[in-house]
Every structure is written in structure tokens, then in C-alpha cells.
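Working notes for the structure below.
Every chain is numbered from 1, with letters handed out A, B, ... down the list of sequences.
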Protein chains: 2
Amino acid sequence: MYHKIIIVGYLGRDPEMRYAPNGQPVTSFSVASSRRYTAGDGQVVDETIWFRINVWGKQAELCNQFLSKGRRVLVEGTLIPDTATGSPRIFQRRDGTAGASFEVRATTVRFLDRKGETAEGVIPDIETAEGLSDEEGIPF
Amino acid sequence: MYHKIIIVGYLGRDPEMRYAPNGQPVTSFSVASSRRYTAGDGQVVDETIWFRINVWGKQAELCNQFLSKGRRVLVEGTLIPDTATGSPRIFQRRDGTAGASFEVRATTVRFLDRKGETAEGVIPDIETAEGLSDEEGIPF
DNA sequence: ATTTATAATT
DNA sequence: CTTTTTTTTT
């Protein structure tokens, strides 16, 4: 009866801010989260997952203002399903083929520095970062 | 560079165990994670997300042995992408339409009791459950 | 160190 | 209190 996703990754592009019919700001951006592993046959494999992040309200404005392509972020949120199926929403690509994406509604976006280092010198790992501010967790 | 998903929900069916070419056991089952919210217009909405869980090795055997339809579980794991796209894998439904699913490789599956109560009387919430055993987190 | 491309949440 | 869909990972 609950789920939560936590992502650390890099923005693939500059964020885009829009306004919902209500006037609420939404900003969207894609985050790449990669891992490298060695397969059973010794091949090194790079696996990248792309998440489409949506963030609302004041955090939308902050993300739009301060984030840009290549910036690293920690996102906490929930996956957005197709409400008809409970699965990822299917959309039509330009070439007519079907596509789907991991869409996330962010509850928190934390800005991390570019080079794997915070102002203090080391990025807190996921376990510690999870406990940080939930509402306006922007380090400015 | 990292992501993690945590799910609490109910099995929609009995699990199914298979064996990978290596002889490693894999068991798969679907978990429904629902939330109810009141939309802006006052409508009460039930949103259910379905996750397809894959669990390997010894935990596969334990899940196959002890879980069944309707059982509640806490799953910790990572989303499995289509490696070609980094997005959910698209498959063809029987009727020819495209489908996709949230596939998860579980690192931990914890069995929860049916009625929202553990043997001790209360289910630990997500925050506390996250800190529990990572390897063989089966309460037997 | 980073694509592709839809539409709008509680 | 549950579902539709395939195949197999590190």
C-alpha cells in the first residue's frame, strides 16, 4: 500500500518549466542513473535507466532556476502509472512505434555538486541522504 | 548513479518459480501497491500500481514456499529497464497492442502478515523497515 | 558524463 | 483486498 523510489543521477538536459491549468508550476527533466557491472561471461556492462522527473510548486521554480544539463541530483518520489493499467503509460513515438518511460513525481529534489563532492567534500550516501529535509530540501 | 525502490503491497497471484540456465532459481510474482487520494474536484480516486517482482537464489525458494496470493510483502530492489532504451520494456499483448510493466529485481523481500499486523502486533512503517536485514530477511 | 519525447499532480 | 503482460540476473 505504499511505494517510494530514490534516484541519484545526472540531468540529461536542461529542465523545462510549464504551468498546469491551475497555475501551479511543474518542471520536468530527465535523470540518468547508471551502474556498471561485470556479467557472468566477464563482459563489462553499462546499464543506464532514464527517469522522467516531474516536480511541482516551489521546488519546480527552484529546479528550473538552479538545475541544468549535467547537474547531479538526488530525487525522492513515487512512480506515476497509467491509471487504467497500473503500469507505465504507453505513448506513440514519431515513427509510430510504442514507447514508455519511468515517470516520477518528485517529493524532494536535492542538488548535488558536479564532481561527486559536496561542499563538505563527500556525497552522503543514500542511507544518510534519505533522512534529510523533506519539504524544501534545496541547499541554498 | 544509483536508484532504489521500496514497495509495500499485496500479491495478486501465487508466485511462480523457474530456473535460469545456470540452475539458479528465480521466482516471480506481481505486487499491487495502492493509494487512495481525493482529487482537486473532490473525487476519491484509488490508484493501484502493479509491480512484477523477480527474486533470485535462496530468497526465490523461500518466496515460492511461503508466499501466496493475497499475502502482503515489503520489497526492496531496483527497476529493470530495457537495456536498449533505459525505459520500461515494451511487449506485445495477445491482442497486438503494446504493453509495459514495472519490473523489479528484489534484493530483499520481507513477509508481512495478512491483516496489517505482524506477529508483534503492528507493522513497522517504511522508515523502520528499511533498516532491517538485507541478506536473508525472512522472518522464520 | 549523459537521450529519447507526453502531458500535467495532491 | 487485488492484476495483466515475458523472460530471466550479479
Side-chain angles (χ1 to χ4, degrees), chain A residues 1 9-13 16 18-22 24-28 30-35 37-40 45-50 52 54-57 60 69-72 77-78 80 84-87 89-95 99-101 103 105-107 114-116, chain B residues 1 9-13 16 18-22 24-35 37-40 45-52 54-57 60 69-72 77-78 80 84-95 97-103 105-107 114-116:
Chain A
M1 314 284 267
Y10 294 95
L11 272 74
R13 268 198 195 178
E16 295 171 15
R18 300 274 180 276
Y19 289 91
N22 310 5
Q24 275 273 307
V26 205
T27 115
S28 304
S30 292
V31 168
S33 189
S34 305
R35 79 195 167 107
Y37 64 88
T38 305
V45 180
D46 270 306
E47 179 186 275
T48 298
I49 305 190
W50 286 92
R52 183 71 179 163
N54 295 329
V55 53
W56 291 79
K69 175 176 175 173
R71 288 301 307 267
R72 184 150 77 150
T78 56
I80 305 172
T85 63
S87 294
R89 195 190 341 179
I90 305 284
F91 59 86
Q92 292 293 331
R93 287 214 168 83
R94 292 171 181 172
D95 58 12
S101 66
E103 283 211 47
R105 184 170 43 182
T107 55
R114 283 173 204 277
K115 312 187 184 210
Chain B
M1 317 279 271
Y10 295 95
L11 272 74
R13 270 197 195 179
E16 294 171 16
R18 301 272 180 277
Y19 289 91
N22 311 7
Q24 275 274 306
V26 205
T27 115
S28 304
F29 51 90
S30 291
V31 168
S33 188
S34 305
R35 77 194 169 108
Y37 64 88
T38 305
V45 180
D46 271 305
E47 180 186 274
T48 298
I49 304 190
W50 285 94
F51 295 97
R52 184 72 180 164
N54 295 329
V55 53
W56 291 79
K69 175 175 174 173
R71 288 301 307 267
R72 184 150 75 151
T78 57
I80 304 172
T85 64
S87 294
R89 195 188 343 176
I90 305 284
F91 58 86
Q92 291 293 332
R93 286 213 167 83
R94 292 171 181 171
D95 58 12
T97 65
S101 67
F102 293 113
E103 283 211 47
R105 188 173 35 190
T107 54
R114 284 174 202 277
K115 313 186 185 213

- request: Return the 5'-most residue of the pair B:T48, B:A20 with respect to DNA chain D, ranking by each residue's nearest nucleotide.
  value: B:T48
field: No-H, no-angle donor-acceptor pair, A:R52 side chain to C:dT6 base, under 3.5 Å
entry: yes
query: Does A:F91 stack onto the base of C:dT6, taking stacking as ring centres under 5.5 Å apart and planes under 30° apart?
result: no
task: Give B:S34 one of three labels, base, sugar-phosphate or nothing, depending on what nucleic acid heavy atoms sit under 4.0 Å from its own.
output: base
field: Short side-chain N/O contact to D:dT2 OP1/OP2 from B:R72, under 4.0 Å
entry: no
task: Check whether any side-chain N or O of B:R105 sits under 4.0 Å from OP1 or OP2 of D:dT10, and answer yes or no.
output: yes
message: Measure CD/A:E16 against P/C:dT6 and give the value in whole Å, please.
response: 12 Å
- request: May I ask you to decide whether A:E47 forms a salt bridge with A:R35, counting only side-chain N to carboxylate O separations under 4.0 Å?
  value: yes
task: Examine C:dT10: is either OP1 or OP2 under 4.0 Å from a nitrogen or oxygen in the side chain of B:Y37? Give yes or no.
output: yes
query: Is the ring centre of A:W56 under 5.5 Å from the base ring centre of C:dT10, and are the two planes under 30° apart, so that they stack?
result: no
query: B:L11 has an atom CG; how far is it from atom C1' of D:dC1, in whole Å?
result: 12 Å
query: Between the side-chain atoms of B:N54 and the base atoms of D:dT7, is any donor-acceptor pair under 3.5 Å?
result: no
message: Classify B:Q92 by what it touches in the nucleic acid, base, sugar-phosphate, or nothing, heavy-atom distance under 4.0 Å.
response: nothing
field: Separation of D:dT9 P from B:Q24 CD (nearest whole Å)
entry: 11 Å
task: Whole angstrom is fine here: how far is it from CD in B:E103 over to C1' in D:dT4?
output: 12 Å
message: So for A:R18 and C:dA7, does any side-chain atom that can act as donor or acceptor lie under 3.5 Å from a complementary atom in the base?
response: no
- request: Could you tell me whether the side chain of B:S30 has a donor or acceptor atom within less than 3.5 Å of a complementary atom in the base of D:dT3?
  value: yes
- request: Determine: side-chain N/O of A:K69 to OP1/OP2 of C:dA1, distance under 4.0 Å, yes or no.
  value: no
message: At 4.0 Å (heavy atoms only), tell me whether A:S101 reaches a base, stays on the sugar-phosphate, or touches nothing.
response: nothing
